[in-house]
There are 2 protein chains.
Amino acid sequence: MTKNADPTHPCGKCAFYSDSVWQPAEPGSVSVLAAGFSRQELEVGQDLFEQDAENRAVYCVSRGLIGLRTHHSNGKSTLLRLAYPGEIVGFRSFLGSGRHQTEARALLPSRICTVVRRDANRIVHDNPSVLARLMDRCVAEIDRSHERIIATATTSNKQRLSALLLRLMGHFGEQDGDSFEMRLPLSRSDLADLIGVQPETMSRLVKRLQNDGNFSFSGRGVWITPGRLTEEILARRS
Amino acid sequence: MTKNADPTHPCGKCAFYSDSVWQPAEPGSVSVLAAGFSRQELEVGQDLFEQDAENRAVYCVSRGLIGLRTHHSNGKSTLLRLAYPGEIVGFRSFLGSGRHQTEARALLPSRICTVVRRDANRIVHDNPSVLARLMDRCVAEIDRSHERIIATATTSNKQRLSALLLRLMGHFGEQDGDSFEMRLPLSRSDLADLIGVQPETMSRLVKRLQNDGNFSFSGRGVWITPGRLTEEILARRS
DNA sequence: GCGCGTCATTGTCGATCGTCAATTTCTGCG
DNA sequence: CGCAGAAATTGACGATCGACAATGACGCGC
């Protein structure tokens with residue numbers, strides 16, 4: 001086991017985790033946590049996999065934040081999804097036969113629990129419950145996309161940005177007395193992608209949100225909230 | 001076998017179909033097409049299942065058009081997805097454990113191939129390839145949602161409406177000399193839902209599209225295209 | 001410390017959208 | 001045939017957005 005690792009759990013919150021799958025490896029083994037599981041640490045900006053690459057494994061975000069981005073043929077790109085701790089990445093191309101349709105890159109220092117494709121196939125074969133969990137995740141992704149489609153059509157950009165910031169704050173914000181603060185791991189363009197607007201519009205949205213008084217942004221990437229929305233954030237902490 | 005049914009195929013284009021699954025039933029049996037398969041016909045407006053109902057089966061659209069609609073708590077509703085012939089409906093709540101999150105209603109007279117839940121479980125258990133196909137479908141739904149999210153953010157409403165109409169025309173349009181025509185099975189509100197705008201905006205979009213000369217709408221629900229986009233439509237015919 | 005490139009902001013403009021409301025058209029039914 | 005209700009259209013308005021361009025701030029390497 002790796003030093004300081006939780007002996008009862010290979011990679012923190014992990015949708016792949018199953019009692020029947022995971023047994024503690026013998027002491028001394030470092031990267032292989034259990035049969036089929038390995039762990040890796042990613043620096044900010046490091047790729048987990050590239051777009052169009054063949055699927056080699058299924059990944060679970062143990063710590064940090066992974067951004068899924070698709071590059072279009074015209075040279076532009078869109079940040080499609082954020083994978084928070086506990087979420088699975090790469091299941092789309094694992095379940096469907098194929099290549100990654102997105103690039104996965106660490107937006108924060110991240111710990112990833114990896115199950116290479118062959119092991120994943122074996123695990124899934126031996127443990128139907130793991131497959132069920134994978135499919136649940138797949139279904140959840142559909143639900144999430146549908147919610148996003150509905151939200152795009154029915155709520156204002158300001159509301160959607162507000163919701164996104166609160167979600168991020170729930171995961172990565174640090175409480176400081178009555179308020180929260182965090183380093184925003186996303187550029188303005190990234191934020192713009194996630195709610196479906198142009199970067200310039202995002203700048204203006206940020207300003208308007210700040211004028212409303214619920215958020216305050218200082219410099220690039222760093223921002224603070226006065227206590228108004230504290231309860232909202234705490235409610236998002238699980 | 002049912003009279004006039006294609007003996008080589010239980011329900012026309014059907015993603016559930018598999019050589020190893022389907023054997024012709026004995027002559028005389030009407031609704032049961034093969035082990036686990038049955039068929040039903042839906043009139044326009046008839047429900048395949050209701051929102052919040054428990055999943056009882058997986059369905060495949062053999063003919064016609066099914067609309068998936070979610071009702072929100074505020075009394076409004078949104079048409080989320082159109083299921084064209086060959087597509088599977090109900091897989092979300094079948095794979096995930098749960099209830100339907102949408103209502104499924106026939107928008108055209110439709111033929112549905114039904115596999116009740118227990119049979120579907122057995123079929124999936126005996127035929128991993130069928131499960132694989134189901135998961136493929138699930139993954140495809142994710143892809144489609146992602147495309148829609150990207151399209152909403154990057155293309156104009158006019159473009160998206162145009163694309164939607166061409167898709168419908170490819171499925172249901174009837175060629176008339178150099179042009180196509182069809183009875184539009186969707187109300188203006190439905191169209192508005194599908195591209196994420198308000199009904200009033202849809203009215204204006206329709207008018208603008210008509211002024212551009214590629215489409216012409218007559219009365220409610222009926223519309224015709226002059227030959228300009230004929231090739232586009234033919235390309236969509238598979 | 002300087003320069004360069006990227007990112008962010010700001011300004012301006014026209015186009016489009018959402019909303020409210022009024023009007024017209026359509027459809028089903030008696 | 002006429003009526004009533006729903007759907008569709010149209011008008012008007014303010015708010016917002018996307019596009020383009022210019023400016024400003026920041027980070028990074030030399």
Side-chain angles (χ1 to χ4, degrees), chain A residues 43-45 67 69 71-72 74-79 105 107 149-162 164-165 183-212 215-223, chain B residues 43-46 67 69 72 74-79 105 107 149-162 164-165 183-212 215-223:
Chain A
E43 301 296 322
V44 172
R69 174 183 298 276
H71 297 270
H72 310 120
N74 59 7
K76 312 221 170 186
S77 69
T78 306
L79 185 61
R105 178 168 294 178
L107 302 175
I149 289 172
I150 294 177
T152 304
T154 60
T155 68
S156 72
N157 291 339
K158 210 164 76 173
Q159 285 175 297
R160 294 210 305 288
L161 174 58
S162 201
L164 171 61
L165 290 176
R183 287 212 49 136
L184 191 59
L186 301 168
S187 71
R188 296 290 192 265
S189 283
D190 293 337
L191 291 175
D193 284 346
L194 290 172
I195 70 167
V197 297
Q198 301 301 114
E200 299 96 326
T201 300
M202 176 53 63
S203 262
R204 297 189 165 94
L205 281 177
V206 163
K207 195 201 286 183
R208 270 197 285 155
L209 228 54
Q210 190 158 220
N211 287 341
D212 290 351
F215 298 92
S216 78
F217 301 76
S218 61
R220 166 140 69 169
V222 191
W223 63 283
Chain B
E43 301 296 322
V44 172
Q46 219 176 332
R69 174 184 299 276
H72 310 120
N74 59 7
K76 313 221 170 186
S77 69
T78 306
L79 184 61
R105 178 168 293 179
L107 302 176
I149 289 173
I150 293 176
T152 304
T154 60
T155 69
S156 71
N157 291 337
K158 210 164 75 170
Q159 284 176 297
R160 295 209 304 288
L161 175 57
S162 202
L164 171 60
L165 292 176
R183 287 213 48 137
L184 192 58
L186 301 168
S187 71
R188 295 292 192 264
S189 283
D190 293 337
L191 291 175
D193 285 346
L194 290 172
I195 69 167
V197 297
Q198 302 300 114
E200 299 94 328
T201 300
M202 177 52 63
S203 260
R204 297 188 166 95
L205 281 177
V206 163
K207 196 199 288 180
R208 271 198 284 155
L209 228 53
Q210 190 157 221
N211 288 341
D212 290 350
F215 299 92
S216 79
F217 301 76
S218 62
R220 166 141 68 170
V222 191
W223 64 284

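To find a chain, count down the sequence lines: A is the first, B the second, and so on, and within it residues start at 1. It should be emphasised that the depicted structure is a prediction, and the values quoted were computed from it without experimental measurement.
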**Main-chain N/O of B:Ser187 paired to B:Asp190 side chain as donor or acceptor, under 3.5 Å** = yes

**Message:** Counting only side-chain nitrogens and oxygens, does B:Arg208 get under 4.0 Å of the OP1 or OP2 atom of C:dC17?
**Reply:** yes

**Prompt:** To the nearest Å, how far apart are B:Lys76 NZ and C:dG18 P?
**Reply:** 12 Å

**B:Asp193 vs B:Leu186 side-chain heavy atoms within contact, under 4.5 Å** = no

**Item:** Polar side chain donor-acceptor pair, B:Asn211 to B:Arg208, under 3.5 angstrom
**Value:** no

**Message:** Without decimals, in angstroms, what is the distance between B:Leu205 CG and C:dT16 P?
**Reply:** 10 Å

**Message:** Starting the side chain at C-beta, find the nucleotide from D:dT9, C:dT9, D:dG18 nearest to B:Glu200.
**Reply:** D:dT9

**Request:** Output yes when at least one side-chain N/O atom of A:Thr201 is less than 4.0 Å from OP1 or OP2 of D:dG18, else no.
**Result:** yes

**Asked** How many Å lie between CD on B:Gln198 and P on D:dT9, as a whole number?
**Response** 15 Å

**Message:** Taking 4.0 Å as the cut-off, does a side-chain nitrogen or oxygen of B:Asn157 come that near to OP1 or OP2 on C:dC17?
**Reply:** yes

**Atom-to-atom span, CG of A:Asp212 to P of D:dA15 - whole angstrom** = 15 Å

**B:Asn211 CG - C:dT16 P separation (whole Å)** = 12 Å

**Request:** Answer with base, sugar-phosphate or nothing: what part of the nucleic acid does B:Ser156 contact at a heavy-atom distance below 4.0 Å?
**Result:** nothing

**Item:** Closest heavy-atom pair and its distance - B:Ser156, B:Gln159
**Value:** N-OE1, 3.0 Å

**Message:** For a quick check, tell me whether the side chain of B:Arg188 and the base of C:dT25 share a donor-acceptor pair closer than 3.5 Å.
**Reply:** no

**Contact check, side chains of A:Leu209 and A:Lys158, non-hydrogen atoms, under 4.5 Å** = yes

**Complete:** From the candidates C:dA8, D:dG18, C:dT10, the one with an atom nearest any side-chain atom of A:Ser187 is C:dA8

**Asked** In whole angstroms, how far is the C1' atom of C:dT19 from the CE atom of B:Met202?
**Response** 17 Å

**Request:** Using heavy atoms to find the nearest nucleotide of DNA chain C for A:Lys207 and A:Ala153 separately, return the residue whose nucleotide is more 5′.
**Result:** A:Lys207

**Item:** B:Leu191 CG to D:dT9 P, straight-line distance once rounded to whole Å
**Value:** 10 Å

**Request:** Would you state whether a donor and an acceptor, one from the side chain of A:Arg204 and one from the base of D:dG18, lie under 3.5 Å apart?
**Result:** no

